[in-house]
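Start at 1 and go down the list; that is how both ligands and their atoms are numbered. Predicted model, so just to flag it, every value in this text is computed and none were measured.
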Amino acid sequence: MLLQELLGIEEDIYFVEESYLAQRNIESTLQYLNGVRNFSQGRRMRLLRVREGEHTLGLLIFNPADEEVPVDFWSVFTGALAVVPLKKEFEAIADLLMSSNLPEKDLEISSESWRNAVNEYYSLMLVNRNLCPGCAVRPESYRSVFSENRVLRVAKIFDLLQKKGFYPEGRLLEVCSGNGMSTLALYRLGLDPLAVEINKCVVCQGLEQGVLNPQRVLVMDATAISRYFEPESFDTVMGFMLGLVYEFNKELWTGIMREAVSVACEGALLLFTVSSKPEIEILAGALRRAGVKGEIVDNTDSEGTYDQWLFIGRKQKI
Ligand SMILES: C[S@@+](CC[C@H](N)C(=O)[O-])C[C@H]1O[C@@H](n2cnc3c(N)ncnc32)[C@H](O)[C@@H]1O
């Protein structure tokens with residue numbers, strides 16, 4: 001696991017927050033650390049610190065094996081993904097704990113590597129069924145789930161993009177990534193998107209098949225991405241085969257478009273594909289209203305199913 005590699009430890013590790021999303025509000029983290037601060041006075045604790053410059057990204061507290069838990073493990077606390085006031089609160093408590101217990105390691109790690117390591121932890125928890133006790137979903141074969149033709153079809157969109165002078169670069173976000181069929185095409189093109197998908201079972205499937213990169217996928221509702229990412233966090237936002245988009249459910253999809261634009265930086269590339277023309281017209285309308293200038297592209301083929309219509313555009317200066 002990347003976390004153990006980065007920290008140079010072999011013992012098990014556990015985050016007190018139950019999900020990546022909970023890392024935004026770090027309720028359990030603050031409660032637990034305040035408890036440790038109040039009850040640990042005079043007692044020695046083994047600590048590890050992870051920092052970027054002067055900022056503490058993470059604090060690990062060692063838990064020796066006892067009758068209740070018969071193995072040594074480290075509890076991991078982080079404020080790095082939290083909203084700014086909570087991030088500061090985390091750092092203040094961490095400083096207090098470290099003032100009476102010098103960490104045995106003080107490791108400089110980039111916030112990006114730390115974020116990837118945290119993502120990976122929750123991905124592994126998911127795919128190992130630790131987040132879904134009683135899961136009865138049986139693994140399916142790779143060939144029954146993934147279609148090479150579809151992966152190639154997504155890859156071809158990028159030839160078309162290149163001809164039009166658009167190409168994804170910088171920090172990439174893929175929304176509604178499903179089990180990673182479209183993400184796989186991006187990986188093959190050498191791109192490294194952060195993939196976001198609401199359905200944890202399809203994410204689990206993509207992880208189980210070794211398709212999705214566990215460090216770069218999140219179970220997250222794309223209608224709420226601005227709650228978890230700051231504005232201007234991405235240089236490209238993409239989504240493939242969104243929908244089905246109808247008049248009666250269009251609010252969901254136009255909401256995703258607004259959110260996509262809100263986390264994209266000025267000049268960012270926005271690319272979305274759907275199956276039908278009426279669907280792309282609904283998405284294009286929402287994107288244009290949100291300040292994106294772009295075009296609808298006819299990408300129809302004889303099969304008439306996947307990625308038939310595209311919207312390609314750039315976020316304009318507001
Ligand atoms: C047709 S699939 C496309 C999956 C993948 N992009 C592909 O091209 O193979 C659409 C995906 O959008 C996801 N989705 C729907 N609403 C969502 C939301 N609010 N947030 C994130 N993903 C969502 C669905 O769960 C589904 O996996």
- Message: Does any part of the side chain of Phe311, heavy atoms only, come nearer than 4.5 Å to the side chain of Val292, both counted from C-beta?
- Response: yes
- Note on the structure: Closest to atom 4 (C) of ligand 1 among protein heavy atoms sits Cys176 O, 3.5 Å
- Message: Under a 4.0 angstrom heavy-atom cut-off, which atoms of ligand 1 come close to Phe240?
- Response: 3 (C), 5 (C), 6 (N), 7 (C), 8 (O)
- Item | Protein residue, atom and distance nearest to atom 20 (N) of ligand 1, heavy-atom basis | Ala222 N, 2.8 Å
- Any side-chain donor paired with an acceptor under 3.5 Å for Glu279 and Tyr246? no
- Message: Pairs of nitrogen or oxygen atoms closer than 3.5 Å, one from Met181 and one from ligand 1: do any exist?
- Response: no
- Taking the six-membered ring for Trp, are Phe15 and Tyr122 ring centroids under 6.0 Å apart? yes
- Task: Taking only heavy atoms of Gly178 into account, list the atoms of ligand 1 that are under 4.0 Å away from them.
- Result: 4 (C), 27 (O)
- Item | Ile256: numbered ligand 1 atoms lying under 4.0 Å from its heavy atoms | 18 (C), 19 (N)
- Message: At under 4.0 Å between heavy atoms, is it the side chain or the backbone of Met220 that contacts ligand 1, or both, or neither?
- Response: backbone
- Message: Any donor-acceptor pair under 3.5 Å linking the side-chain atoms of Gln308 with those of Asp301?
- Response: yes
- Item | Under 3.5 Å side-chain donor-acceptor pair for Asn63 and Ser75 | yes
- Task: Could you check atom 25 (O) of ligand 1 against the protein and tell me its nearest heavy-atom contact, residue, atom and distance included?
- Result: Glu197 OE2, 2.6 Å
- Write out the residue and atom name of the closest protein heavy atom to atom 19 (N) of ligand 1, then the distance separating them to 0.1 Å. Asp221 OD1, 2.8 Å
- Message: Is a donor from one side chain sitting under 3.5 angstrom from an acceptor on the other, for Thr78 and Gln23?
- Response: no
- Item | Nearest non-hydrogen protein atom, atom 1 (C) of ligand 1 | Met241 O, 3.1 Å
- Task: Indicate the ring-plane relationship of Phe158 and Phe240, choosing parallel, tilted or perpendicular according to the 30° and 60° boundaries.
- Result: tilted
- Query: Counting both backbone and side chain atoms, is some N or O of Val175 under 3.5 Å from an N or O of ligand 1?
  - Reply: no
- Task: Identify the protein heavy atom lying closest to atom 9 (O) of ligand 1, giving its residue, its atom name and the separation to 0.1 Å.
- Result: Arg150 NH1, 2.9 Å
- Item | Heavy-atom gap Trp253 to ligand 1 smaller than 4.0 Å | yes
- State, without any angle test, whether Thr56 and Arg49 hold a side-chain donor-acceptor pair at a distance under 3.5 Å. yes
- Item | Heavy-atom nearest neighbour in the protein, as seen from atom 21 (C) of ligand 1, with distance rounded to 0.1 Å | Ile198 N, 3.3 Å
- Message: Please identify which of these residues, Arg188, Glu174, Arg216, Glu197, meets the side chain to side chain donor-acceptor pair (under 3.5 Å) condition with Thr183.
- Response: Glu174
